[in-house]
J.: 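Starting off with a structure, shown below.
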Number of protein chains: 2
Amino acid sequence: MVDTFLLRPVGRVASPLTDAASAPRQGDEGAPPAWLVFEPQLEPALRDLHVGAELLVLTWLDRARRDVLTVHPRRDESRPLTGVFSTRSPNRPNPIGLHRVRVLTVDGLRVEVADLEALDGTPVLDVKPVLGPVDER
Amino acid sequence: MVDTFLLRPVGRVASPLTDAASAPRQGDEGAPPAWLVFEPQLEPALRDLHVGAELLVLTWLDRARRDVLTVHPRRDESRPLTGVFSTRSPNRPNPIGLHRVRVLTVDGLRVEVADLEALDGTPVLDVKPVLGPVDER
C-alpha cells in the first residue's frame with residue numbers, strides 16, 4: 001500500500017516554447033528566457049528573490065507519460081533502452097522537471113529567468129536557491 | 001482555478017535518521033549513508049543505476065508544513081524572516097526534497113547512497129542522473 005500526495009502548483013511558466021519536439025532538451029542547450037508567473041497568495045514566499053539569483057525551479061511536466069520506465073536516451077534509437085532513473089527523460093513515474101536558472105527580472109508576482117527549456121503553461125511546483133558553500137548557508 | 005497532480009512514491013528511504021530536530025540540514029553536513037528501497041514494479045526504471053553514479057534524489061518531505069511561506073533560515077531567529085523560495089527549508093507549499101548523493105551499493109530493488117539527510121521512511125519521488133557536459137549527454 002503506497003500513500004499518495006497532492007501537488008498544488010505555485011505558478012506557471014510563460015514561454016515562447018510550445019512544442020516539445022522542437023524544444024531544447026536542457027536549459028543550457030539554447031533555451032530562451034521565460035517568465036514564472038506565481039499565484040497571488042504565494043507572494044510572501046517569493047519576496048526575497050532578486051536579480052542575479054541562481055535558482056532551481058521544479059516543474060510538473062504535464063505533457064509527459066508516467067507509464068514509461070525505459071527510454072532510448074535523447075530519443076536516439078541507436079542508444080540502448082535505459083532505465084528512466086538513469087536519464088533526464090521527461091517520461092517517468094513522477095514527471096518532475098528540474099531546471100537551473102538565473103533571475104533576470106523581478107516584477108511583483110512575475111519573475112523572468114534565463115535558459116528555461118520548460119514549455120509554455122508548465123506548472124511550477126517549487127523554487128529553491130542553489131546552495132553555496134557550507135559556511136555561507 | 002489551479003489544477004492539482006497526484007504523486008505516487010516510487011520507494012522509501014531506510015535510514016538511521018529518525019528525528020528532524022537532530023538530523024543534518026544538508027547531505028554534505030554529516031549525513032549518513034541510507035538505502036533507497038524501490039517498489040517492485042519500478043525495477044525496469046532503476047536497472048542502469050550503478051556503484052559510483054552521482055544522482056539527484058527527489059523526496060516528499062512528509063513531516064514538513066505546507067502553510068509556511070517565510071522562515072528564519074536554518075531556524076536561526078537572529079536571521080530575518082525570508083521567503084521560503086529563497087531558502088532550503090523543508091517547510092514550503094510543495095515540500096519536495098532535493099538531495100545529491102553517490103551510489104555505494106546496488107542490491108536488486110535496494111540502492112545504498114552516501115550522504116542522505118532525509119529521515120527514515122521518507123517517500124522517494126524520483127531519481128535523476130547529475131548532468132555532465134553537453135557533449136556527453
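Residue numbers begin at 1 in each chain, while the letters A, B, ... track the order of the sequences.
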J.: Considering non-hydrogen atoms only, spot the tightest contact between B:Asp3 and A:Pro9 and give its length.
T.: O-CD, 2.9 Å
J.: Please classify the contact between B:Arg25 and chain A as side chain, backbone, both or neither, with a heavy-atom cut-off of under 4.5 Å.
T.: neither
J.: Taking 4.5 Å as the heavy-atom cut-off, does anything in residues 119-128 of chain B contact chain A, and if so which residues?
T.: B:Pro123, B:Leu125, B:Asp126, B:Val127, B:Lys128
J.: Sort A:Ser89 into side chain, backbone, both or neither according to what part of it lies under 4.5 angstrom from a heavy atom of chain B.
T.: neither
J.: Honestly curious: do A:Trp35 and A:Leu49 fall in one hydrophobic cluster under the side-chain, below-4.5 Å linking rule?
T.: no
J.: Only pairs of heavy atoms separated by less than 4.5 Å count here; which of B:Asp62, B:Val71, B:Leu81, B:Val68 has the most with chain A?
T.: B:Leu81
J.: Can you find a pair of side-chain heavy atoms, one from B:Val130 and one from A:Arg88, that are under 4.5 Å apart?
T.: no
J.: Membership question, hydrophobic clusters at under 4.5 Å side-chain separation (ILVMFWY): are A:Leu42 and A:Val13 in the same one?
T.: yes
J.: Got a second to check how far B:Leu58's CG is from A:Leu58's CG, nearest 0.5 Å?
T.: 6.0 Å
J.: Under 4.5 Å, heavy atom to heavy atom, which residues of residues 90-101 of chain B contact chain A?
T.: B:Arg92, B:Pro93, B:Asn94, B:Ile96, B:Leu98
J.: Between B:Trp60 and A:Phe5, what is the ring plane arrangement, given parallel below 30°, perpendicular above 60°, and tilted in between?
T.: parallel
J.: I need the residue from A:Leu55, A:Leu7, A:Leu69 with the largest number of non-hydrogen atom pairs under 4.5 Å to chain B.
T.: A:Leu7
J.: Which one, A:Leu56, A:Thr82, A:Leu46, leads in non-hydrogen pairs under 4.5 Å with chain B?
T.: A:Thr82
J.: CG/B:Asp28 to CG/A:Leu131 distance, rounded to the nearest 0.5 angstrom?
T.: 7.5 Å
J.: With a sphere of 6.0 Å drawn around CZ of B:Arg102, does it hold more than 12 non-hydrogen atoms of other residues, nucleotides or ligands?
T.: no
J.: Hydrophobic clustering (ILVMFWY, side-chain heavy atoms < 4.5 Å, transitive) - are A:Phe38 and A:Val103 grouped together?
T.: yes
